[in-house]
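The structure appears below as structure tokens.
Throughout, protein chains are lettered first and strands after them, A, B, ... in sequence-line order, and every chain is numbered starting at 1.
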2 protein chains.
Amino acid sequence: MLRGLVASRVTIVDVARAAGVSTSTASVALRGERGVSEATRERVAETAARLGYRVDHRARLLREHNPRAVGVTFSPAQSFHADVVEALYEAAAPAGVDLVLSAVTTSRGVADAVESLLRDRCSALVLVSPDVEGEVLAGWAASVPVVALASPLAVAGVATVATDERAGMALAVDHLVERGHREIVHLDGGDGVMTAQRAAGFRTAMRAHGLDPRVERGGTTEEAGIAAAERLLTASARPTAVVAYNDMAAIGLLLTLRASGIDVPGDLAVVGYDDTRTAALSTIGLTSVSQDPRALAEVALRRLATRADRDALRSSAVPGTSADPDRASDDATAEVGVVTIQPHLVARQTSGSSR
Amino acid sequence: MLRGLVASRVTIVDVARAAGVSTSTASVALRGERGVSEATRERVAETAARLGYRVDHRARLLREHNPRAVGVTFSPAQSFHADVVEALYEAAAPAGVDLVLSAVTTSRGVADAVESLLRDRCSALVLVSPDVEGEVLAGWAASVPVVALASPLAVAGVATVATDERAGMALAVDHLVERGHREIVHLDGGDGVMTAQRAAGFRTAMRAHGLDPRVERGGTTEEAGIAAAERLLTASARPTAVVAYNDMAAIGLLLTLRASGIDVPGDLAVVGYDDTRTAALSTIGLTSVSQDPRALAEVALRRLATRADRDALRSSAVPGTSADPDRASDDATAEVGVVTIQPHLVARQTSGSSR
DNA sequence: TTGTAAGCGTTATCAG
DNA sequence: CTGATAACGCTTACAA
């Protein structure tokens, strides 16, 4: 028989024949399941390596009805998403979960990204800050377990894993008030998914201190921060501190202020949100609220796992005895659930913390 | 973990039965191929929609064996990669190809990313600036068409689509020389994939002007730029201009210089590489060499298409083996090779172009 | 125009 | 411990 022109056409049948065993034996041996002798296993493994055999994930998934592939949608342009994706990989590897990424771009909405993932028969979906209506989300959740990550959506049937935005904003406000600030402005996220939550958290935190919460319209990009800085520079009444919607906006703001000779934090303090890699740069030194991507990622995958187990077990008791943070709320609300991750503040130069 | 999950229970058999036709008719109708009456097609389509049917991509690909899925590896942390990924999606959509993304992170090398893509039986691979040996690349290329995007590697059997780095560096140097600079330093990319190419391009361009090419060790991150700036500030002989390896390093450098009261471009001009979104921000205003991600993406996908066509033809007509060294290398040099995209310079404030 | 049947590469079941 | 055999959901000759 002709040797395949393409090496990837080596199938398990070829391996089995070359090793002198049946395909089922080869399959078992290759997967490391018990049921074959050590000698056979070694021979099969060696043959497979020699032939350059690689399992066809598609065929396997087609046969097994319990795929391990989790689909992820994210926006490459958002640096926070990049951090989350990295964290997801870190959390997925030890769990033996395969990640399939699908990007959301200007020309490609969340729906397109999800459709492509669903066609690939991902067993579950993790949507990073999806910009969709709750109903749409619920629609997807009908066919596959869905986790909305870093999202304000609380929809029946979908698990939400998000930062406690109220606490995050309180962290920022308290930090500034402690340092004597009273005139604090929040530059909101404009069309950002979390805009309402963060603005609300800001207002609550300010009022708790008996302060007047001033919120200005901003956005999610550096450009929005730059525009805000320009408005701020020409305004009559300038605040003493600004809490931005995210780090990207905060950095745009910060750089423009500095370029205009404003002393940060002397004349004006700036606090960001997300604690991205850029915020930590020594020349930026942006104080920021950290969303803890690793915790978000871990809990998201764990929730998928528990939901999957429950689906499989149906009515039998769950034997888990861990004291996981998501445990309580998971039991309490059988079907939905918003698991909340506590943020923490990383104090740097822009709030006058470590000059 | 993740057991017992079924993405969608509705199969084409269900649709066919519900519509009162055979599965093959349903298949043909759903794919919009000719061979069924308009009435039947409509009935099947309607039934499918009502039942919430979705094709199982994996089963389809398993059967067709002519998959249209292209695997892509990239690093979420590199902003240039994000630009390329967006451009790839833009180029893929009209061509009707599906993209499958696989990230390269600190804990996950290119090899891991590629293995996962290969298990998914991607028909082809696009590796964005892969950090691997040529031999490894050639190994993958044996089983699937591979395009190395924005890579210096020129390996037999692998198509490379890259920016003309010599031209890019010449653009930067010429631009600075035109503005009267003669003491120009190149901050190289350290471990970056393109370090050797860009440094060589810099040297050539400088010598063409009769100037002494000074190259300093840098890196691919903002941190590297910051470190370089600190060295520069304390150095005895300071150049009048710096060409950085990429925008990230250039921006780290730029911000640190500005924070230290250095006038850019007055005291020192800075030029970056990649023309990332950040470089264009009004407060950054970084002059940069643009790699044109859209052109890179389009050409990469086009090369894959032509290569795939040729493979299809050859496997059906020529019963040769790939073990023939002469033939193989002949073919390789004939159909692969390096396609070069011309870069262009985007002049902004940091080189004193549009003050 | 439509239906029947044979796989694609894998794993699961149930015999030896 | 090992080996036939039947799916998984889909496409595609080939028949009707």
Side-chain angles (χ1 to χ4, degrees), chain A residues 4 6-44 48 51-69 98 118-123 143, chain B residues 3-44 47-48 51-69 118-123 143 315-316:
Chain A
V6 179
S8 70
R9 294 214 61 68
V10 178
T11 79
I12 198 170
V13 179
D14 301 325
V15 175
R17 192 164 32 209
V21 295
S22 74
T23 56
S24 30
T25 301
S27 174
V28 172
L30 253 24
R31 272 174 298 151
E33 269 190 24
R34 50 175 219 168
V36 297
S37 68
E38 203 45 54
T40 311
R41 158 156 309 141
E42 222 162 88
R43 186 154 39 91
V44 172
L51 264 43
Y53 167 75
R54 208 138 25 199
V55 15
D56 189 330
H57 215 217
R58 265 203 229 71
R60 163 179 287 180
L61 261 35
L62 183 60
R63 182 60 242 240
E64 289 181 340
H65 245 288
N66 54 341
R68 290 164 170 265
D98 247 17
L118 252 25
R119 272 198 304 275
D120 279 345
R121 283 299 185 273
C122 287
S123 66
S143 39
Chain B
R3 321 184 53 167
L5 286 175
V6 181
S8 165
R9 292 205 163 282
V10 184
T11 78
I12 198 171
V13 180
D14 302 323
V15 174
R17 192 163 34 207
V21 296
S22 74
T23 58
S24 45
T25 303
S27 173
V28 171
L30 287 170
R31 270 174 301 147
E33 270 190 23
R34 52 177 214 167
V36 295
S37 67
E38 203 44 54
T40 314
R41 158 157 309 139
E42 222 163 87
R43 188 153 39 92
V44 171
T47 314
L51 265 43
Y53 168 76
R54 220 172 257 129
V55 294
D56 189 330
H57 212 226
R58 318 196 99 109
R60 163 181 285 180
L61 265 34
L62 182 59
R63 180 62 240 247
E64 279 185 338
H65 221 291
N66 181 23
R68 261 354 239 134
L118 252 25
R119 274 197 303 272
D120 279 344
R121 283 299 186 272
C122 286
S123 67
S143 29
S315 58
S316 61

Could you tell me the separation between the [atom1] atom of [X] and the [atom2] atom of [N], rounded to a whole number of Å?
X	N	atom1	atom2	answer
A:Leu62	D:dC10	CG	C1'	8 Å
A:Arg60	D:dC10	CZ	C1'	20 Å
B:Asp56	C:dG9	CG	P	16 Å
A:Arg43	D:dC1	CZ	P	14 Å
B:Leu30	D:dG9	CG	C1'	13 Å
B:Arg54	D:dC10	CZ	C1'	17 Å
A:Ile12	D:dA4	CD1	C1'	15 Å

Restricting to side-chain hydrogen bond (donor to acceptor under 3.5 Å, both in side chains), what partner residues turn up for [X], sequence neighbours left out?
X	answer
B:Thr40	B:Ser37
B:Ser24	B:Ser22
A:Arg31	A:Ser27, A:Glu33

Which heavy atom of [X] sits nearest to which heavy atom of [Y], and what is that distance?
X	Y	value
A:Leu51	A:Ala18	CD2-CB, 4.0 Å
A:Ile12	A:Thr23	CD1-O, 4.1 Å
B:Ala19	B:Thr47	CB-OG1, 3.6 Å

Q: Please assess B:Val28 against B:Arg34 for the test side chain to side chain contact (heavy atoms under 4.5 Å, CB included), listing each intermediate value before the final yes or no.
A: CA-CA 7 Å; B:Val28 171; B:Arg34 52 177 214 167; over 6 Å; no
Q: Answer yes or no: is there a side-chain heavy-atom contact under 4.5 Å between A:Asp56 and A:Thr11?
A: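 Side chain of A:Asp56 against side chain of A:Thr11, heavy atoms only: no contact under 4.5 Å found.
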Q: With the side chain counted from C-beta on, respond yes when B:Tyr53 and B:Asp14 share a heavy-atom pair under 4.5 Å apart, and no when they do not.
A: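 With C-beta onward as the side chain, the pair stays apart.
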Q.
Using the side-chain heavy atoms of A:Val36, tell me which of these nucleotides is nearest: C:dT10, D:dT2, D:dC10.
A.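 Selected nucleotide (nearest to the side chain): D:dT2.
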Quick test: give all pairs of protein nitrogen or oxygen and nucleotides 12-16 of chain D nitrogen or oxygen below 3.5 Å, distance rounded to 0.1 Å.
residue	atom	partner	partner atom	Å
D:dT12	OP2	B:Arg31	NH1	2.6

Q) Is there a residue in residues 15-22 of chain B whose heavy atoms reach under 4.0 Å of DNA chain D, and which residues are they? A)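 Heavy-atom contacts with DNA chain D come from no residue of residues 15-22 of chain B; none.
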Q) Between the axis at one end of the helix from C:dT1-D:dA16 to C:dG16-D:dC1 and the axis at the other (five pairs apiece), what's the angle to 10 degrees? A)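 What I find for the helix from C:dT1-D:dA16 to C:dG16-D:dC1 is an axis angle of 40°.
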Q: Would you check, one step at a time, whether the test side chain to side chain contact (heavy atoms under 4.5 Å, CB included) holds for A:Leu30 with A:Val55?
A: CA-CA 9 Å; A:Leu30 253 24; A:Val55 15; over 6 Å; no
Q | B:Thr40 vs C:dT2: side-chain N/O to OP1/OP2 distance below 4.0 Å | A |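 Yes, such a contact exists.
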